[in-house]
Protein chains: 2
Amino acid sequence: MGLTKTEIFTDEQNRLAVMLKALAHPARIAILQQIINANACICGDLSIELGLAQATISQHLKELKTAGLIQGTIEGVSVCYCIEPKNWELLKQQLNSFLNLVDVKANCC
Amino acid sequence: MGLTKTEIFTDEQNRLAVMLKALAHPARIAILQQIINANACICGDLSIELGLAQATISQHLKELKTAGLIQGTIEGVSVCYCIEPKNWELLKQQLNSFLNLVDVKANCC
DNA sequence: ACTATTAATCGTAATATTGCGATATAATAA
DNA sequence: TTATTATATCGCAATATTACGATTAATAGT
C-alpha cells in the first residue's frame, strides 16, 4: 500500500490535512516567517537567508502555493511571494475550531 | 539527500513542525475528533468507526503519542487514549502566535 | 542580438510515510 | 493453566518527501 485513503474521510478533514501538511516542515515555517516578518519574499533571498539551495526553496514555495497559503506576483525578473489572506484566514478558523474542541477539564482517562 | 536539515532551524520551528506533522493526516485528525467528541478512546473502536485496520490505527495513535498530543492509560485489557492537555495548549499558543503574525492589510505584493 | 539575473523544472539518491496481514505481547476471565 | 480479548510490533510493498546539481525559461539591461 502506502496510499492515504482520502475517500473515507470528510472533505473538511482532507482539506485541513493538506494545509497542515504544507505547514508541517521547519523550512516552510521559516519561509512563512520570513515572508511575514522580514518582507523577504524573493526566492533567492530566502535561499541565502535560510541556507538551503535555490531549487529546494523553490520547491517549498511551490508546495506552499499549491496548498493555497501563499501567492506569487511577478516583479520583473523575480517573483514576490506573499501570504494568501483568504486561505490563511480559513486555516486560522478551521484550526481554531478544531483545537478548541478540547475541554481541558473533561478528560476521559 | 532526502533528509531534513533540522540543524539549520530553531528549536521552536522544529518543535512546531513535529506537532503539525502529527496533525497533518486526515486519519489522525479524525482520530483526534473521535477522541474529543465521541469519547471513543479505544484503538479497536476507532478501527471500526474509521474503517482502517487495527494495526494502522495503532500506528497513528503511536505517532500522536510520540508527538505528545495524546496520552494512553491502561484500562484492563485495553488502553484509553485522551488528549495530552499541556502539549495541546502549547500547540494552540504556538500556532496562534504564528498564524496571527499576518497583518492582512499589509501585503508586500 | 547578447548577457546577466532570477525562478522553475528535471532527474536522481536518500529517506520517510502509509497501510495491512501476520505475529507477538499483555492483561483479564474462566 | 488456558482461553479470550485488545494492543503493539514486525515485515513488506507502494508511494511520497526532501534536498540538490544541472538545465531550462523568462525578463531586464546594454
Side-chain angles (χ1 to χ4, degrees), chain A residues 1-9 13-14 17-31 34-35 40-67 70-82 109, chain B residues 1-9 13-14 17-31 34-35 40-67 70-82 109:
Chain A
M1 320 258 132
L3 183 61
T4 301
K5 286 184 158 183
T6 52
E7 70 277 6
I8 68 173
F9 305 108
Q13 287 166 338
N14 285 317
V18 165
M19 287 195 285
L20 287 173
K21 201 171 172 188
L23 271 190
H25 192 284
R28 292 194 287 271
I29 292 176
I31 287 172
Q34 284 287 335
I35 288 180
C41 52
I42 309 295
C43 176
D45 294 353
L46 290 166
S47 172
I48 292 162
E49 275 154 21
L50 300 187
L52 286 170
Q54 179 264 320
T56 307
I57 298 289
S58 182
Q59 213 169 270
H60 282 307
L61 286 169
K62 192 184 179 182
E63 277 180 78
L64 289 169
K65 200 177 168 189
T66 303
I70 62 174
Q71 63 193 163
T73 314
I74 297 170
E75 291 219 334
V77 194
S78 46
V79 178
C80 178
Y81 285 100
C82 62
C109 48
Chain B
M1 320 263 130
L3 182 60
T4 301
K5 288 184 157 182
T6 52
E7 69 277 6
I8 68 172
F9 305 109
Q13 287 167 338
N14 285 316
V18 164
M19 286 194 286
L20 287 173
K21 202 171 171 187
L23 272 190
H25 192 285
R28 292 195 285 274
I29 292 176
I31 287 172
Q34 284 286 338
I35 288 180
C41 51
I42 308 294
C43 176
D45 294 354
L46 290 166
S47 173
I48 292 163
E49 275 154 21
L50 300 187
L52 285 170
Q54 179 265 322
T56 307
I57 298 287
S58 182
Q59 214 168 271
H60 282 307
L61 286 169
K62 191 183 179 183
E63 277 180 78
L64 289 169
K65 199 177 168 190
T66 302
I70 61 173
Q71 64 193 161
T73 315
I74 297 171
E75 291 218 334
V77 194
S78 46
V79 178
C80 177
Y81 284 101
C82 62
C109 47

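Numbers restart at 1 for each chain; the letters A, B, ... are given by sequence-line order, proteins then strands. Excluded from the calculations below are hydrogen atoms, water molecules and symmetry mates; all remaining heavy atoms, backbone and side chain alike, are included.
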Expressed as a whole number of angstroms, how long is the span from [X]:[atom1] to [N]:[atom2]?
{"X": "B:Glu63", "N": "D:dT7", "atom1": "CD", "atom2": "C1'", "answer": "16 Å"}
{"X": "B:Asn14", "N": "D:dT18", "atom1": "CG", "atom2": "C1'", "answer": "14 Å"}
{"X": "B:His60", "N": "C:dT17", "atom1": "NE2", "atom2": "P", "answer": "12 Å"}
{"X": "A:Lys62", "N": "D:dA19", "atom1": "NZ", "atom2": "C1'", "answer": "15 Å"}
{"X": "A:Leu3", "N": "C:dG19", "atom1": "CG", "atom2": "P", "answer": "8 Å"}

(message) Under 4.0 Å, counting only non-hydrogen atoms across every strand here, what does B:Lys21 touch: a base, just sugar-phosphate, or nothing?
(response) sugar-phosphate
(message) Please compare B:Thr6 and A:Gly2 by the position of their nearest nucleotide in DNA chain D and report the one closer to 5'.
(response) A:Gly2
Do the non-hydrogen side-chain atoms of [X] and [Y] ever get within less than 4.5 Å of each other?
{"X": "A:Ile35", "Y": "A:Leu64", "answer": "no"}
{"X": "B:Val79", "Y": "B:Cys43", "answer": "no"}
{"X": "B:Leu20", "Y": "A:Ile29", "answer": "yes"}
{"X": "B:Leu61", "Y": "B:Ile57", "answer": "yes"}

(request) Take A:Leu61 and A:Thr4, find for each the nucleotide of DNA chain C with the closest heavy atom, and name the residue whose nucleotide sits nearer the 5' end. (result) A:Leu61
(request) Check the pair A:Ser58, A:Lys62 against side-chain contact (heavy atoms from CB on, under 4.5 Å), reporting the backbone distance first and the verdict last. (result) CA-CA 6 Å; A:Ser58 182; A:Lys62 192 184 179 182; 5.8 Å; no
(request) Taking all heavy atoms of A:Phe9 and all of B:Pro26, pick out the closest pair and write down the distance. (result) CD1-CB, 3.5 Å
(request) Would you indicate whether A:Ile8, at its atom CD1, is surrounded by more than 12 heavy atoms from other residues, nucleotides or ligands within a distance under 6.0 Å? (result) yes
Check the interface with nucleotides 27-30 of chain D: list each N/O to N/O pair with the protein under 3.5 Å, or write none.
none

(message) Using a strict heavy-atom distance below 4.0 Å, which residues from residues 48-59 of chain A are in contact with DNA chain C?
(response) A:Gln54, A:Ala55, A:Ser58
(request) Choose from D:dA16, D:dT18, C:dA7 the nucleotide whose nearest atom is closest to any side-chain atom of A:His25. (result) D:dT18
(request) Among the candidates D:dC20, C:dA8, C:dG19, find the nucleotide nearest to the side-chain atoms of B:Lys5. (result) D:dC20
